[in-house]
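Notes to accompany the following structure.
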Amino acid sequence: MGTATTLLRLGPFTVLTDPDFLHRGQHAYLGKGLFSRRVAEPSMQPAQLPRLDAVALSHLHGDHFDRVPREQLDRDLPVLTTPAAARRLGKWGFGNAAGFAPWEQTTLTSDGHRLVVTAVPGRHAPGIAQALLPPVMGSVLELHNPGASTPFRLYITGDTLYRPWLRDVRDRAGEIDAMVIHLGGTRILGMTVTMDGDQGAQLVELIEPSVTVPVHHDDYRVFRSPLPAPRSPLQEFLDECHDRSAPTTIWTVARGERVPLGRE
C-alpha cells in the first residue's frame with residue numbers, strides 16, 4: 001500500500017503493518033517539530049481493508065501510524081507494538097494495544113492454525129540520538145499450520161539500522177523464510193535513521209532469508225540514497241544485493257500489487 005504499510009496473509013490470518021494512509025501532499029509528523037511531505041498516494045484507505053486479525057506496529061511515528069488510522073481503524077483490534085506506543089494508543093482508545101519487550105511473544109489461533117508473534121530488537125538512531133526518536137521493534141511472525149512439519153517464519157525489520165547483533169533474530173527464531181525490510185536511508189537532522197541500500201544488503205547477508213520484500217523507500221521526501229549517487233533507495237538496495245550475490249530472492253512490490261512470500 002505504500003511506506004511500510006502492508007497486508008500480510010498468513011494462512012487464515014490477515015495482519016496489517018504500520019498503517020499509514022495519508023494522501024500525497026500531506027505531511028507526516030516525525031516528532032521534535034519535524035515533518036515530511038508524502039510524495040506518493042497509498043493504494044487503499046481503511047474502509048477498503050479486509051477483516052483484520054491484528055496490526056503489527058513497529059513504532060509510533062507519523063509515517064507508520066498517522067491520524068487516519070487513529071480515527072478510522074477498529075479500536076478493538078489487537079495492536080502489537082512497543083510498550084511506549086501501546087501506552088499512547090491506549091490513551092487514544094485502542095484498548096487491545098499490547099506492548100512487547102524484545103523476545104516477548106503472543107499467539108493468535110484460528111481453526112487449529114497458530115500465528116506466534118515475537119517482538120525482536122531494532123535500533124532507530126545511532127548512539128545517544130536514540131532519545132530523539134521513539135523506541136522501535138521488529139517482529140517475527142511464525143505460522144504453524146496443522147500437519148506441517150515446520151512453521152513458516154516472516155521477519156519484519158521495522159525502522160532499524162543495520163547492526164551485527166540482529167543476527168540474534170535468526171539464531172533465536174530459526175531459519176527465516178521471508179523478510180520484509182524497511183529501507184529508505186531516511187535522514188533526520190543529518191543522521192541516517194533507517195537502512196540505506198548498503199545496510200539493507202548487509203542485513204540480507206546476515207539473515208539469509210529465502211525471500212526479501214523491500215518496503216519503506218519512496219513515499220516521503222526524507223527517503224534518499226547517499227549523495228552523489230543518483231539512484232533511488234530501492235535501486236541502490238537492488239544494486240548492492242546484486243553486487244554481493246546476496247543469498248535471497250527479492251520481490252519488489254508496487255502499490256496495490258500482491259507478491260508471494262515464498263520462492264516461485
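A 6.0 Å sphere centred on CG of Asp111 holds no more than 12 heavy atoms belonging to other residues, nucleotides or ligands. Counting heavy-atom neighbours within 6.0 Å of Arg88 CZ, excluding the residue itself, gives a total of 12 or less.
Of all heavy-atom pairs spanning Asp168 and Trp103, the tightest one is O-CH2, 3.6 Å. For the residue pair Trp251 and Pro214, the shortest heavy atom distance occurs at O-CD, 3.3 Å. Of all the heavy atoms in Asp74 and Asp76, the pair that sits closest is OD1-N, 2.8 Å.
With sequence neighbours left out, the salt bridge (Lys or Arg N to Asp or Glu O under 4.0 Å) criterion links Asp159 to no other residue.
Atoms CG and CG, from Leu16 and Asp53 in turn, are 11.5 Å apart once rounded to the nearest 0.5 Å. In this structure, the separation between NE2 on His61 and NE2 on His124 is 5.0 Å, given to the nearest 0.5 Å. Between Arg167 atom CZ and Ile207 atom CD1 the span is 7.0 Å, to the nearest 0.5 Å. For the atom pair Thr17 OG1 and His216 NE2, the distance stands at 10.5 Å (nearest 0.5 Å). Rounding to the nearest 0.5 Å places CG of Leu161 at 9.5 Å from CE of Met191. Atom CG of Asp66 is separated from atom CG of Asp20 by 4.5 Å, given to the nearest 0.5 angstrom.
Checked by atom type, the side-chain pair His217/His182 shows no donor-acceptor distance below 3.5 Å. A donor-acceptor contact closer than 3.5 angstrom links the side chains of Ser58 and Asp18.
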Donor-acceptor list for residues 113-122 side chains, cut-off 3.5 Å, not counting sequence neighbours:
from: His113; atom 1: ND1; to: Asn145; atom 2: OD1; distance (Å): 2.7
from: Arg114; atom 1: NH2; to: His144; atom 2: ND1; distance (Å): 3.4
from: Thr118; atom 1: OG1; to: Gln105; atom 2: NE2; distance (Å): 2.9

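With salt bridges taken as basic N to acidic carboxylate O contacts below 4.0 Å, one links Asp198 and Arg244. Salt bridge Asp219/Arg24: absent, no basic N to carboxylate O contact under 4.0 Å.
Inter-residue side-chain proximity for His27 and Arg37 is flagged as met; some heavy-atom pair is nearer than 4.5 Å.
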* To do: For the pair Arg38 and Thr3, evaluate side chain to side chain contact (heavy atoms under 4.5 Å, CB included) and give the outcome as yes or no after the intermediate values.
  => CA-CA 9 Å; Arg38 186 160 193 167; Thr3 320; 3.5 Å; yes
* To do: With ring-ring contact (aromatic ring centres under 6.0 Å, His included) as the test, would you mind laying out the steps for Phe65 and Phe94 before giving the verdict?
  => CA-CA 13 Å; Phe65 196 100; Phe94 289 86; 5.7 Å; yes
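Here salt bridge (charged side-chain N to carboxylate O under 4.0 Å, His left out) pairs that include residues 146-157, with residues two or more places apart or in two chains, are Glu142-Arg153.
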